[in-house]
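Within every chain, numbering begins at 1; the chains are lettered A, B, ... in the order of the sequence lines, protein sequences first and strands thereafter. Quantities reported herein were computed from a predicted structural model and do not represent experimental measurements.
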Amino acid sequence: MRTKPEPDALDGSGARWTYTRRGYALSQSLRQLKQQRIASLGTLLMLGITLALPVILYFAYLNLATLGHRSLEGESITTYLRTNVSDIAGAELAESWSTREDVARTDYLSKEQSLAMLGEASDISSVIALLGVNPLPGAIVVYPQITDVATGSTDRLAEVLRSIPEVERVQLDLRWVRRLAAAISLLAWIGGLLAVFLTLSALLVITNTIRLELARRKSELEVANLLGAPRHFMNRPIIYTGAVYGLLGGLLASITGLMVLNAVQSPADTLSSLYQNEFTVSMPTMTQILLVISVCVCLGLIGAVSSLYRPSQHFRQ
Amino acid sequence: MISFQNVSLEYRLGKYALENLSFDLKSGSFTFLTGHSGAGKSSLLQLIARLTRPTSGDIQIGNIIYSELGVRQERALRQQMGIVFQDNQLLHDRNVFDNIALPLIIGGYQFDDIKLRVNAALAKVGLEQRGSEKPINLSGGEQQRVGIARAVVARPKLLLADEPTGNLDSEISQEIMQLLKHFNASGVTVVFATHDEHLLQTYPFQRLTLSNGQLVNDESTQSAHGSRKRSSTRKVY
Ligand SMILES: Nc1ncnc2c1ncn2[C@@H]1O[C@H](COP(=O)(O)OP(=O)(O)OP(=O)(O)O)[C@@H](O)[C@H]1O
Ligand SMILES: [Mg+2]
């Protein structure tokens with residue numbers, strides 16, 4: 001490190017900033033991390049893993065929440081018409097249905113539109129183009145009145161629609177939506193509970209690590225006490241250590257969470273496309289990631305302060 | 001400057017480490033604190049440094065009355081003293097420079113000032129070129145000099161030295177004694193705990209002699225009011 005023994009080289013081992021009170025505290029914390037490299041790495045991994053699951057649950061919840069929300073808005077019954085029903089007849093039918101009082105709105109999807117939609121999703125359209133005829137039926141998307149959706153009388157509406165001769169098949173899009181919504185809220189509960197437990201154990205990891213560190217730093221703290229250092233001077237490095245652990249643990253957990261989300265993205269999209277839903281797994285926003293990291297930093301701080309509570313009594317004269 | 005009034009210190013109930021001490025030490029004086037091992041020298045210095053509180057009696061430095069100090073003020077007071085510890089209390093995880101810089105960092109000094117003062121202190125104890133070494137690589141006498149440099153680096157008015165020559169040979173003891181004498185000459189009040197007979201013979205400074213926690217001689221102390229008074233009927237709390 002220092003090779004030249006000129007008088008000017010006698011300026012300590014650290015950089016200039018490490019000779020201020022706060023700089024000293026931070027450099028002491030980082031130094032402990034560096035010196036106990038293996039132990040620190042182990043602790044960080046443990047923290048990262050413990051925090052990763054709550055983070056993943058949080059990110060997943062953000063996605064599912066939008067999914068449930070979006071889907072309930074568009075609750076609908078899709079009725080596929082027989083192929084021999086012309087687009088004009090289909091449109092008229094849609095028009096007449098929309099006057100029913102248990103229907104809020106209807107959309108007619110022409111055969112062309114169906115083809116276009118299919119074309120977006122797959123390359124079946126090229127096969128159809130080869131055939132030269134469009135074998136697809138027209139469809140009417142019926143949006144029931146919201147009150148009806150709530151009471152479940154949409155089943156009755158579906159029955160009525162099914163009995164109309166032009167209708168080939170009725171598909172209730174809302175059954176799975178409703179189940180999904182229920183599943184999401186159950187998952188949110190279980191996930192929330194899990195997240196709380198895991199967060200608590202992360203807190204314990206931090207508290208325990210800092211207890212150990214306090215023991216390691218005993219002589220330094222004693223000397224600082226003998227030299228008349230104020231309490232906050234002695235506590236500061238410990239608090240910084242907590243914050244550093246929180247920060248790094250939070251970063252690790254966020255990265256893990258994002259990786260998991262990324263891995264899950266394509267299977268989730270496939271799943272959602274099976275349900276004709278335009279749902280895609282979206283990445284959390286920067287604000288949400290920052291929120292996660294700052295919560296982790298707070299955990300670190302809480303862990304540090306709680307582990308300080310007893311040992312500092314030791315230095316009270 | 002330092003004034004003890006009927007100060008007693010009881011570590012365990014009924015067992016006095018120091019018993020009913022009263023004395024005054026003048027500002028700028030040099031005082032030997034002597035006595036057999038276990039007589040209470042370290043305890044007395046700890047009382048002055050407010051590292052321990054007396055069981056009864058009060059201590060005063062200048063116009064600061066110890067019993068009226070809050071925790072914060074006690075620590076601030078300690079920062080204004082230089083203390084050389086019996087077991088030198090150097091930190092072995094950092095080099096000599098950083099050991100000496102610690103009181104200045106605690107005191108919130110600027111980096112340039114820290115550099116200046118640490119190098120000056122190193123020069124004063126004759127360790128100019130050793131700042132970047134770890135204390136473990138220094139000899140016992142050199143380590144003790146680092147301890148002295150750390151004690152004087154913030155230029156305290158009062159220097160407490162607890163057997164800084166404890167297990168050093170007499171030549172090095174003389175060197176350290178010269179150093180402390182030098183600081184005393186520049187106006188620093190020095191209290192030097194030692195049982196080094198040779199030093200006591202060589203230097204004619206005033207003495208406080210302890211025996212089993214009591215002052216036994218006062219022939220050279222400025223004031224001895226009450227130091228001889230031994231109440232045989234002591235209250236047990
Ligand atoms: N923290 C403590 N708890 C209990 N008893 C103590 C404590 N510190 C010192 N003593 C006792 O107080 C008495 C005085 O001890 P002190 O360390 O002041 O002696 P000393 O004169 O410095 O001795 P030495 O020359 O060996 O350093 C001793 O009997 C010692 O056992
Ligand atoms: Mg002693």
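- Between R78(B) and N225(A), the closest heavy-atom pair is NH1-O, 2.5 Å.
- E222(A) places none of its side-chain heavy atoms less than 4.5 Å from the side chain of L91(B).
- Ring geometry for Y19(A) against F111(B) counts as tilted: the plane angle lies between 30° and 60°, on a 0 to 90° scale.
- When side chains are defined from C-beta on, R16(A) counts as touching D112(B), because their heavy atoms get closer than 4.5 Å.
- Proximity to chain A (any heavy atom under 4.5 Å) is shown, for D93(B), by both the backbone and the side chain.
- Under the 4.5 Å side-chain criterion, counting only non-hydrogen atoms from C-beta, L227(A) is in contact with R150(B).
- With a 4.5 Å cut-off on side-chain heavy atoms, L226(A) and Q89(B) count as touching.
- Considering only heavy atoms from C-beta on, V71(B) stays 4.5 Å or farther from P230(A) through its side chain.
- In this structure, the separation between CD1 on I105(B) and OG on S27(A) is 7.5 Å, given to the nearest 0.5 Å.
- Here the closest non-hydrogen pair linking L102(B) and V223(A) is CD2-CG1, 4.1 Å.
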**Request:** Apply the test side chain to side chain contact (heavy atoms under 4.5 Å, CB included) to residues I106(B) and Y24(A): give CA-CA distance (whole Å), side-chain angles for both, the deciding distance (0.1 Å), then the verdict.
**Result:** CA-CA 9 Å; I106(B) 292 170; Y24(A) 173 81; over 6 Å; no
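- For S219(A), the parts sitting under 4.5 Å from any heavy atom of chain B are the backbone and the side chain alike.
- The side-chain heavy atoms of H92(B) and E220(A), taken from C-beta on, include no pair separated by under 4.5 Å.
- Heavy atoms of Y109(B) lying under 4.5 Å from chain A belong exclusively to its backbone.
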